[in-house]
Structure formats: C-alpha cells, structure tokens
Amino acid sequence: MKIPPLENRLRLPELLAPAGNLEKLKIAVHYGADAVYLGGKAYGLRNLADNFTPEEMAVGIAHAHHRGVKVYLTVNSYPGNQDLPGLETYLEEVAPLPFDAWIVADPGVLQLAREIAPQRVLHLSTQANTVNWRSVRFWQEQGVSRINLAREMSLEAITETARKTQVELELFAHGAMCISYSGRCLLSSVMSGRNANQGECSHPCRWNYSLVEETRPGEYFPVMEDESGTFIFNSRDLCLIEHLPEMVASGVASLKIEGRMKGIYYVASVVRAYRTALDTMAAEGDEYRFRRGWLEELCKTSHRGFTTGFLFGQPREVGQEYHSAYLRSHQFVGLVEEIHPDGSATVGVRNRIRRGDLLELMGPGMRCATLRADEIMDEAGNPLEAANPNSRIRMALPSGTAPLDMLRREA
Ligand code: SF4
C-alpha cells in the first residue's frame, strides 16, 4: 500500500491503554498513554481483573485528567433481563463521574446510557462486532461517537470505512487475539462454566489438547507439537507496531492496546514502545522509519509470538502458535516507588532481587540504563543479600530515575 505524505494524513491517532486497576492506570499515564479504559466491578467484561470501585474511578479520573489523559468506562457486557435493574443502579451511581466516554456494546445498554446520562459521549465496543462501513453508519446514526472495529477487518476495509463514515474509528494494535470470531466463543462456558461474553473467560484456547477418534471414546492420543503437547486453538498475539504508517494513513483515530488483565510491566513496556514510535513519527514525518528496538522491547514482555492478525488478510497458519510456552526475554523485578533527597530510591520488589544482579532500569520514552545491584538495603538501611517479592528495598539508581520507573533483568 502506498503511504501518502504525512501532511496529507490525518493527525496521529490517540494511544489508548488498558487500566485494570488504579496502579495500572498510573503506569499507563506515566509511560505515555493519551487515554485509558477501565471497568467497574461488573458490566464491563474482564470481571476477573481488579477493576474499580466508584471511589477509585474518581481518583483515577482526577489523576489522568490532571495530566491531560482521557478516561473511558467500559460497560460492554450483554446483560440479561435479570441484570437490568442492577445495571441501571450502577450507571446512575457512576453518571456524575467525569468520564470522557462510556464504551457500550449492547443496544439496550446504549439506550439506558442515553436515558441516564444524555450528554455522555458513547463509544461502541469491539464486542458489537462492527465489520463494515454500513454498520459504522448505523451506529453513527444512533449517536455513537467512536467505534472500535472488529479485529477481523483488513487494512483495506478499514481505510474504505474511514472514507465513507464520519465517526472516529478505533483499532486494536496490540494484545491477545481470540481464536473464534470476534470473541464469540463458547469454549470457556462449556469447559469451565465461565462465560467469556460476561468477562469471565478461563482461556481454554491456550490449553493442551489430545486427539480422540469418534468410535473410541476415552482413548486419548497425544499430539506433540513440542514436549508439552499441542495447542491447536492458541492464537498468536496481535502486534502492529511495524505498521503504524499504514494505520495512520487509514484514518483511524485511536490505537488500542488490549490487556486489562495483564500486569503493570506489560502495560509499561507496550505503552512506551508504541508511544515512542508515534512520537518518532510525529518528529520525523516522511523520514520516519521503524526501529527494531521497539519490537525487541515488546518481546521483553510475556507473549505468544506475534501476528498482524487480519490487517493484511486472513492470518491462516501464521496467526497460530502451536507451542505452549509464553515467550519472554526479561523478568520484571521491581517498581520504583520513591526517590529520596540523597538520590537513593525505594523499590517495591516484585520478583526476588539478589545482591550483584545485573538489572535494567526502564522509564518512559525508551529511557534505559543497565546497573548492577551491588548494594541493596532494607528500609532501615541494613545490607541485604537478597530481597523477596512484596518487600521494599533501598538502592542507588541512575540520576533521572523517577517514581513508577521499573527494574527488570534478563530471564
Ligand atoms: S477461550 Fe480463547 S478464544 Fe474463547 S473467548 Fe476465551 S480467549 Fe477468546
């Protein structure tokens, strides 16, 4: 696809990051998200993430807005009749909070949201499976301001849709993919009684499968893709960082990172890589070129191999990961909590740190430094040989280190 000169393209898209709890929201903001999305304790899918109470939402919105970052509330489950009274009470409770938008999927929820908060900007969730420009126009006529397109759309279809519609379009750029069509999947409900479409997926598509011949029930034949078995439903993770120019040229308004269930290290690493790529694009214009280091950064978090999904057509077998292992070259070991006047830092230990470990400090904008943990102390200043997870240590870190920077080491 020929990419038009930068001046002919629309402005750079927003970078939209997951905020599974208040700590993840602060991390997403620190590492450069333009907007975050979060859910309450119910009705927002991802019911197994920590999620937010209304009080935490208020704190999170204030934190983000103070730094010019938008906050969207996900209300994208498909409630049954029995859920409607509770949903109505919940929406009335959160209506006064100054969210920049609510993300809905179900038409009934959209109608209820309109009644309870007529001025609230509404976005349409990917759960609504919008796959063509006529559907986009339909939702546009319902007053929806932005539509998160289904992951099944190709770049060509996205570009055509942007040309034929006026609403903002949002596109998943990075994160887990479902093996089924837009997450319409019953595997989890059937195999573990946890309904994926109510946000409780137990991810059986990542499990190890055997072969059973129809007339021999109970006889399991192992199928070995690697020493752990076979993983016939296991999708690779979406990663479009190499294709930002094409996505910008397509006219999408927002690039979304999947992963409210993922940890703070994942959020930090992915946001900083995409933030840096987008900022570089803004700075370099038509001289922009992709840097391998950004992809290497993404490989330092846990993932299942990368795919471009449906962007350039059907992914077929290259979208599939037949091996069990989550890939990851680095391990997150600590979060910088405080910088003291003497320049030392308090670090919240997340994985065991031993004296002498070779560590990497990471901050926003791909700021990095390699250091050796020659001296680590407990909070009272006593020297330590090793620090365990969930403890706090004091140690010297390079100048310029800030709270919410992170420490990691090669796995
Ligand atoms: S089991 Fe896998 S494919 Fe099905 S909804 Fe869950 S993550 Fe998606």
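First listed ligand is number 1; within each ligand, the first listed atom is number 1. Worth knowing before you read on, the calculation uses all heavy atoms, side chains too, and leaves out hydrogens, waters and symmetry mates.
Among the atoms of His203, no N, O or S atom is found under 2.8 Å from atom 8 (Fe) of ligand 1.
Atom CD of Glu287 is surrounded by 12 or fewer heavy atoms from other residues, nucleotides or ligands within 6.0 Å.
Near Pro204, the atoms of ligand 1 lying under 4.0 angstrom from a non-hydrogen atom of the residue are 1 (S).
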- Item | Derivation and outcome, salt bridge (charged side-chain N to carboxylate O under 4.0 Å, His left out), residues Lys26 and Glu23 | CA-CA 5 Å; Lys26 290 179 180 174; Glu23 184 182 41; over 6 Å; no
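Taking the six-membered ring wherever Trp is involved, the centroid distance between the rings of His243 and Phe312 falls below 6.0 Å. For an aromatic pair to be called close, the ring centres must be under 6.0 Å apart, and Phe332 with Tyr265 satisfies this.
With distances taken over non-hydrogen atoms, the option nearest atom 4 (Fe) of ligand 1 out of Cys201, Cys185, Cys205, Ala196 is Cys185.
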